[in-house]
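Here's the structure, in structure tokens; my notes come after.
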Amino acid sequence: MAFARTCSVALVGVDGVIVEVQADLEPGVAAFTLVGLPDKALTEARDRVRAAVCNSGEAWPQRKLTVGLSPASVPKSGSGFDLAVACAVLAAAERLDPSSIADLLLIGELGLDGRVRPVRGVLPSVLAAADAGYERVVVAEQTAPEASLVPGVTAIGVRSLRQLVAVLTGAVEPEEPSERIGGRPDPLMAGLMLPSAGVRGLPDDRTLRLDMADVAGQYEARRALEIAAAGGHHLYLKGPPGAGKTMLAERLPSLLPPLTQKEALEVTAVHSVAGLLPVGRPLIDTAPYCAPHHSTTMPAIVGGGSGLPRPGAVSLAHRGVLFLDEAPEFPVRVLDALRQPLESGEVVIARSAGSLRLPARFLLCLAANPCPCGRYSRRGEGCECTPAMVSRYQGRLSGPLLDRVDLQVQVAPVTRIELMERDATAESTETVAARVLAARERAAARLEHTPWRTNAEVPGHELRTRWQLGAGALNDAARQLERGLLTARGLDRVLRVAWTVADLAGRDRPDQQDVRTALVLRTGVEQGFPLSGRVHGQLGSLPAQRRRGADDDWPGTPTKPAANDEEAV
């Protein structure tokens with residue numbers, strides 16, 4: 001028989017498309033034609049496959065060979081089709097039984113010596129195979145654990161084309177020695193891992209997690225961090241240099257609960273396509289942390305690249321934290337491009353080669369100085385910036401972007417006593433994370449029969465109609481809305497934060513104090529206190545940390561007065 005077929009997968013973003021690889025041999029001058037919209041790397045498969053087949057002890061057919069990749073309208077890229085092309089050619093040449101590969105899905109690159117090299121994107125490829133009904137896939141030995149994560153699919157890991165032929169024909173499998181020399185990394189893994197692109201937290205570094213107890217003072221910001229983690233709310237930290245904004249943001253991923261099986265597969269698929277999956281850790285079960293530099297371009301943030309787009313920072317931070325330090329220094333176009341994924345949880349990228357959707361449900365954390373010199377305050381002490389400079393600097397974060405940020409917190413400078421003396425009341429990450437997990441479980445139980453799992457995902461209409469608040473709880477928010485100080489979107493986000501505050505406190509529904517706390521966390525304006533009596537940076541019911549009040553029972557609130565009581569004038 002001069003015809004054979006098998007299957008492989010073409011990746012479009014993080015989604016896989018099943019591709020049928022067909023090989024046809026006809027009489028004529030020996031030639032090798034590859035059709036089906038291949039890119040440059042795939043076109044070069046003709047030389048790789050020919051050399052791999054010959055060096056594996058097989059005879060190359062001396063006839064006219066045509067290999068087609070169907071559907072022909074889908075662009076194909078990468079070297080992951082090599083193994084499927086080689087097996088289709090050998091089956092067409094009657095070296096393999098065509099029926100033995102008809103129901104197989106093969107993914108792998110071939111070296112000139114016949115070794116099978118791993119490729120990126122194995123997990124989303126196998127997920128697409130499972131959805132299409134395939135039960136067996138063949139991958140490189142190094143990526144077999146990743147492929148085995150998909151239930152219902154048997155992953156066969158092979159080291160070489162010679163070994164695969166022996167498995168398919170029932171012959172004795174040849175011994176394939178490892179290529180590692182003197183403890184060096186496996187050379188076959190070269191190219192599978194790309195530079196980290198600002199992503200941290202993927203290696204198994206649980207013993208190196210940052211602790212919340214290391215943060216000096218900043219009780220208001222700590223509470224805002226806890227609320228953000230419990231409800232999945234976006235956070236904006238604003239304060240002078242050295243106040244601890246970056247230190248707080250780096251500890252936010254440790255407060256997030258472990259990923260569920262579904263979420264872990266989503267995150268792993270994105271990082272597998274991007275080439276960021278750590279060696280020896282096929283499944284990412286902790287929240288990723290992505291902190292790109294402010295000079296990062298828009299394609300690197302939202303996704304892009306030549307040909308079909310690749311995942312950007314918003315997708316690499318999926319189910320985790322995207323931290324933009326020195327946020328006003330980012331290009332305005334880049335910041336405004338975040339609006340759509342903040343609302344929908346995905347980013348849609350259109351290019352001439354095609355369009356695709358990439359997951360982008362992340363927790364955004366912004367950090368910024370109050371002015372270019374960083375010393376601007378309400379008192380104006382030490383700031384050398386003109387009012388125009390301050391206004392222009394703060395205006396780089398547009399109103400529509402900040403309207404999508406639930407928590408906007410002033411981070412005050414740390415006092416000498418807070419910095420030099422050890423605070424025995426400071427809570428560890430494990431303690432705060434336990435409260436966050438309990439609050440998330442309480443919200444998940446309430447949202448059990450809905451498509452949402454966190455308060456930040458629930459539409460405002462549902463919060464206003466399905467789950468009623470206590471009597472008079474919305475009075476303060478209604479007044480802010482009437483005065484034009486709060487938008488309709490802002491009201492919805494205040495309700496979401498109020499539910500999170502109630503979940504952390506163990507209440508069935510938010511009361512007026514919870515809504516008032518959410519308002520203050522959003523606007524930074526203390527409700528019910530004269531302006532002259534407010535402390536710079538105090539939020540909501542948080543002044544209880546410096547005076548005894550209604551919120552003394554909040555977990556983690558120190559019972560002793562803070563060291564800078566004299567500044568609260």
Side-chain angles (χ1 to χ4, degrees), residues 9-17 107 119-132 137 139 143 145-153 155 192-194 196-204 229 231-232 234 252-253 256-278 281-290 301-303 308-322 338 340-349 355-364 437 440 443-444 447 450-454 456-458:
V9 178
L11 286 177
V12 182
V14 294
D15 298 321
V17 178
I107 307 167
V119 295
R120 301 193 299 271
V122 167
L123 179 59
S125 299
V126 178
L127 286 172
D131 292 339
V137 298
V139 297
T143 53
E146 181 183 348
S148 300
L149 296 174
V150 182
V153 175
L192 188 60
M193 286 283 294
L194 295 181
S196 63
V199 180
R200 198 204 68 199
L202 302 184
D204 194 6
H234 305 305
L252 182 54
L256 298 177
L259 301 179
T260 64
Q261 182 68 17
K262 179 182 178 181
E263 293 171 345
L265 289 177
E266 293 176 359
V267 174
T268 304
V270 173
H271 287 80
S272 178
V273 170
L276 300 175
L277 197 61
R281 189 180 177 189
L283 183 67
I284 300 174
D285 57 357
T286 56
Y289 174 80
C290 188
I301 293 291
V302 300
L308 288 175
R310 295 290 184 180
V314 295
S315 297
L316 297 177
H318 181 59
R319 302 295 181 184
V321 176
L322 176 64
L338 298 175
Q340 185 252 343
L342 285 177
E343 288 289 335
S344 62
E346 62 181 12
V347 59
V348 181
I349 305 173
S355 61
L356 70 156
R357 295 176 182 268
L358 295 171
R361 188 166 295 282
F362 55 90
L363 195 161
L364 177 64
L437 180 59
R440 287 240 181 173
L447 303 172
T450 68
W452 316 293
R453 287 298 173 265
T454 61
E457 300 174 9
V458 184

_Those residues that, when tested against Val302, pass side-chain contact (heavy atoms from CB on, under 4.5 Å) (two or more places apart)_ = Met298, Ala337, Val347
_Can you list everything that forms a side-chain contact (heavy atoms from CB on, under 4.5 Å) with Leu437? Sequence neighbours excluded, please._
Pro257, Glu441
*Using modelled atom types only, decide if a donor and an acceptor are shared between the side chain of Ser125 and the backbone of Gly121 within a distance under 3.5 Å.*
yes
*Please check if the side chain of Thr260 supplies one atom and the backbone of Glu263 the other of a donor-acceptor pair under 3.5 Å.*
yes
*Under 3.5 Å donor-acceptor, His271 side chain and Leu276 backbone*: no
*Measure the shortest side-chain to side-chain distance between Arg310 and Leu358 over non-hydrogen atoms and say whether it is less than 4.5 angstrom.*
no
*So, Glu146 side chain and Leu123 main chain: donor-acceptor pair closer than 3.5 Å or not?*
yes
*Considering residues at least two apart in sequence or located in another chain, which fulfil the side chain to side chain donor-acceptor pair (under 3.5 Å) criterion with Arg453?*
none
*List in chain and number order the residues that pass side-chain contact (heavy atoms from CB on, under 4.5 Å) with Ala229, two or more places apart in sequence or in another chain; answer none if no residue qualifies.*
Leu252, Leu255, Leu256, Val436
*Look at the side chain of Arg361 and the backbone N and O of Pro341, then say whether any donor-acceptor pair between them is shorter than 3.5 Å.*
no
*With sequence neighbours left out, write down each residue that passes side-chain contact (heavy atoms from CB on, under 4.5 Å) with Ala444, or none if nothing qualifies.*
none
*Per the side chain to side chain contact (heavy atoms under 4.5 Å, CB included) rule, which among Val270, Val267, Leu363 passes with Arg319?*
Val267
_In the structure I gave you, are the side-chain heavy atoms of Leu342 and Phe362 within less than 4.5 Å of one another anywhere?_
yes
*Under the side chain to side chain donor-acceptor pair (under 3.5 Å) test, residues paired with Thr454 that sit two or more places apart*: Glu457
_Which atom of Val321 lies closest to which atom of Pro253, heavy atoms considered_ = CG2-CG, 4.0 Å
*Would you please name every residue forming a side chain to side chain donor-acceptor pair (under 3.5 Å) with Thr450, sequence neighbours left out?*
none
_Would the distance check show the side chain of Glu346 and the main-chain N or O of Ser315 forming a donor-acceptor pair, the cut-off being under 3.5 Å?_
no
